[in-house]
Colleague: 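Pasting in a structure now, in structure tokens, and then I'll have a few things to ask.
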Amino acid sequence: MLSIRSVKSDSFIGKCVELRGWVYRKVSLGGKIFIVLRDSSDIIQCVVDESKVNSRTWSNAEKITRESSCIVRGVVKSDPRAPGGYELQVSDLEIVGLSEWFPIRGNEGVDYLLDHRHLWIRSRRLQAIMKIKHTVLEAGREYFNRNGWWEVTPPILTSSACESGATQFEVNYFGQKAYLSQSAQLYLEALIYTLDKVWSLTPSFRAEKSRTRRHLAEYWHLEAEAAWYGMEDMMKVVEELVYYMVERVLRDRMDELKFLKRDTRILENAKPPYPKITYDEAIEILQSKGVNIKWGDDLGADEERVLTEEFETPFFITHFPKEIKAFYMKLDPKNPRVVLGFDLLAPEGYGEIVGGSVREDSYDALLKRIIEMGLNPEEYKWYLDLRRYGSVPHSGFGLGIERTVMWIAGLDHIRDAIPFPRFRERIYP
RNA sequence: GCCGCGGUAGCUCAGCGGGUAGAGCGCCGGGCUGUUAACCCGGUGGUCGGAGGUUCAAAUCCUCCCCGCGGCGCCA
């Protein structure tokens with residue numbers, strides 16, 4: 001079976017081909033009907049001329065509606081009047097699935113489109129974004145697999161609150177309370193004791209009714225954890241991984257980036273090494289810009305935006321005050337007020353796409369931190385065990401796939417980085 | 001959870017100093033041999049988010065509720 005993209009080439013001019021797809025647009029005028037056919041690869045205009053086809057094909061062309069599926073045969077022609085320069089002179093048109101009136105015509109609002117998401121994903125825009133996401137995922141897998149990391153499959157159903165703060169979705173697990181995972185990290189930490197360097201790609205869930213354009217209740221989380229890795233080692237992995245994704249999208253998805261009108265120069269310039277600033281330096285920059293912030297405050301969305309204006313590539317912020325970060329992050333031996341943690345922020349106001357840290361590997365220090373943060377040590381028994389049986393220095397990070405896609409594709413809302421977004425109360429379709 | 005904005009035809013919206021509901025697109029019928037969001041003629045279209053209240057009279061004013069959008073917080 002030929003794809004539309006493959007026949008839009010000079011080598012196909014004059015050849016008779018069969019194409020299968022869906023009606024993207026239809027215009028009829030007198031003795032000619034123009035049908036723009038769509039498949040996963042591209043679109044092509046098909047011209048049905050009443051004087052050149054049999055009556056069955058003509059009546060099918062009259063009858064066919066937008067989004068109907070069909071099989072069309074004809075000769076490929078080059079014609080400057082056709083969008084894209086090529087068109088199909090139809091000799092035969094067969095309707096496979098006649099579409100009812102398609103509810104999306106082109107000027108609908110956000111809410112309506114989200115209610116019709118199962119149909120809206122056919123749009124060329126979402127198609128292009130999904131292809132970019134495919135390439136981001138492919139690049140992520142390839143990066144790890146080529147560099148000696150093992151892919152593992154941590155559980156999604158978990159028994160306890162793993163991280164402090166964020167809310168979890170509760171599920172009924174055979175009468176026991178269970179939760180949907182919001183991070184595979186703790187399980188990945190267990191797995192490094194057998195596989196050294198591990199990574200996983202899983203859905204993560206956050207039961208927060210976030211009202212922002214960069215939060216989802218269900219998102220894809222690319223996480224990695226490695227024994228013996230310190231802060232610098234892991235930051236190097238992060239910047240290599242992110243650039244590997246960017247590079248691969250630039251190589252394989254240029255058409256889609258252009259369709260989305262993405263400024264690709266920003267991506268081309270996003271080469272590592274990425275700048276690193278400490279939290280202290282971030283505070284100084286913000287204060288010099290007149291932002292009202294003091295040491296110890298968390299960096300909010302507004303602060304992140306100001307900082308991202310300072311950089312043209314992704315950049316790291318490191319060494320945050322321990323009070324604003326998770327209990328498992330290792331305190332900096334040189335300054336125990338801060339943790340050996342890092343965030344990677346995308347430029348152009350996109351903000352955090354990666355969060356990572358060196359993990360606390362001392363049993364006593366970890367227990368102390370758990371108690372300090374007001375958590376129940378009972379719930380972290382197995383996690384603490386990891387520090388009792390051959391503890392090892394180690395680090396890890398988590399990358400938000402949709403946030404990364406959002407930045408690479410230049411989207412203004414994270415909901416378009418996932419085909420069926422789950423955010424706020426939306427669960428349909 | 002907090003702040004702001006919105007909900008009127010299938011869709012996008014106007015109407016909101018109260019007086020029997022409007023446009024464009026769509027849809028239906030007709031026309032057109034090169035359309036690119038086609039165009040031209042005719043037709044079709046409503047529980048004005050819900051409940052209560054004020055009034056002779058409410059889409060319009062008041063109260064409560066529901067839903068959505070944007071921003072903050074939470075974070076990937």
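Residue numbering restarts at 1 for every chain, and letters A, B, ... go by the order of the sequence lines.
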Colleague: Under 4.0 Å between any heavy atoms, over every strand shown, what does A/His221 touch: base, sugar-phosphate, or nothing? Just pick one.
Modeller: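 Here A/His221 touches the backbone only, sparing every base.
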Colleague: One thing to verify: whether A/Arg56 and A/Asp92 come together as a salt bridge, which I'm taking to mean a side-chain N less than 4.0 angstrom from a carboxylate O.
Modeller: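 Looking at A/Asp92 and A/Arg56, the cut-off is met.
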Colleague: Measuring only the P atom in each nucleotide, how far is B/A59 from B/G7? A whole number of Å is fine.
Modeller: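 Those two atoms are separated by 15 Å.
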Colleague: Expressed in whole Å, how much space separates the C1' atoms belonging to B/G49 and B/C66?
Modeller: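 Those two atoms are separated by 8 Å.
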Colleague: Roughly how many Å apart are B/G17 and B/C13, using the C1' atom of each and rounding to a whole number?
Modeller: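 Nearest-Å result for B/C13 against B/G17 at atom C1': 22 Å.
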Colleague: Could you measure between the two P atoms, the one in B/U47 and the one in B/G43, and give it in whole Å?
Modeller: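 Looking at atom P only, B/U47 and B/G43 are 23 Å apart.
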Colleague: Is any N or O donor-acceptor pair between the side chain of A/Glu108 and the base of B/G26 shorter than 3.5 Å?
Modeller: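 Per atom types, no contact qualifies.
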Colleague: Between the side chains of A/Asp280 and A/Arg337, is the shortest nitrogen-to-carboxylate-oxygen separation below 4.0 Å, so that they form an ion pair?
Modeller: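 Salt bridge: no.
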Colleague: Any donor-acceptor pair under 3.5 Å between the side chain of A/Arg403 and the base of B/C75?
Modeller: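 Side chain to base: pair present.
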Colleague: Within the stacking criterion (centroid distance below 5.5 Å, interplanar angle below 30°), does A/Tyr219 stack on B/A76?
Modeller: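 The base of B/A76 is stacked with A/Tyr219 (centres under 5.5 Å, planes under 30°).
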Colleague: Among B/G34, B/C72, B/G10, which nucleotide sits nearest the side chain of A/Trp101?
Modeller: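 So the nucleotide nearest the side chain must be B/G10.
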Colleague: Examine the base of B/U33 for any acceptor or donor lying under 3.5 Å from a partner atom in the side chain of A/Glu50, and report the outcome as yes or no.
Modeller: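 When only heavy-atom distances are counted, A/Glu50 does not reach the base of B/U33 through any donor-acceptor pair under 3.5 Å.
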Colleague: Quick one: do A/Asp255 and A/Arg5 make a salt bridge, cutoff under 4.0 Å?
Modeller: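 Yes, A/Asp255 and A/Arg5 are salt-bridged.
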Colleague: Do the side-chain N or O atoms of A/Arg213 get closer than 4.0 angstrom to the phosphate oxygens (OP1, OP2) of B/C69?
Modeller: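 No, because none of the side-chain N or O atoms of A/Arg213 sits under 4.0 Å from OP1 or OP2 of B/C69.
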Colleague: About how many Å separate CG of A/Leu98 and OG1 of A/Thr65, when rounded to the nearest 0.5 Å?
Modeller: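 Taking OG1 in A/Thr65 and CG in A/Leu98, the distance rounds to 4.5 Å.
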Colleague: Using the P atom on both, measure B/G15 against B/U8 and round to a whole Å.
Modeller: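 One P to the other, the span is 14 Å.
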Colleague: Would you indicate which nucleotide in B/C32, B/G34, B/A76 comes nearest to any side-chain atom of A/Ser28?
Modeller: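 The nucleotide sitting nearest to the side chain is B/C32.
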Colleague: With a 3.5 Å cut-off and just heavy-atom distances, do the side chain of A/Arg211 and the base of B/G70 make a donor-acceptor pair?
Modeller: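 Under the 3.5 Å cut-off, the side chain and the base do form a donor-acceptor pair.
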Colleague: From CG of A/Asn107 over to P of B/C27, roughly how many Å is that when rounded to an integer?
Modeller: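 Computing the A/Asn107:CG to B/C27:P distance gives 12 Å.
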Colleague: Among B/G34, B/C72, B/C69, which is the nearest nucleotide to the side chain of A/Ala301?
Modeller: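 From the listed options, B/C72 comes nearest.
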Colleague: Any Lys/Arg nitrogen of A/Asp416 or A/Lys133 sitting under 4.0 Å from an Asp/Glu carboxylate oxygen of the other?
Modeller: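 No salt bridge links A/Asp416 with A/Lys133.
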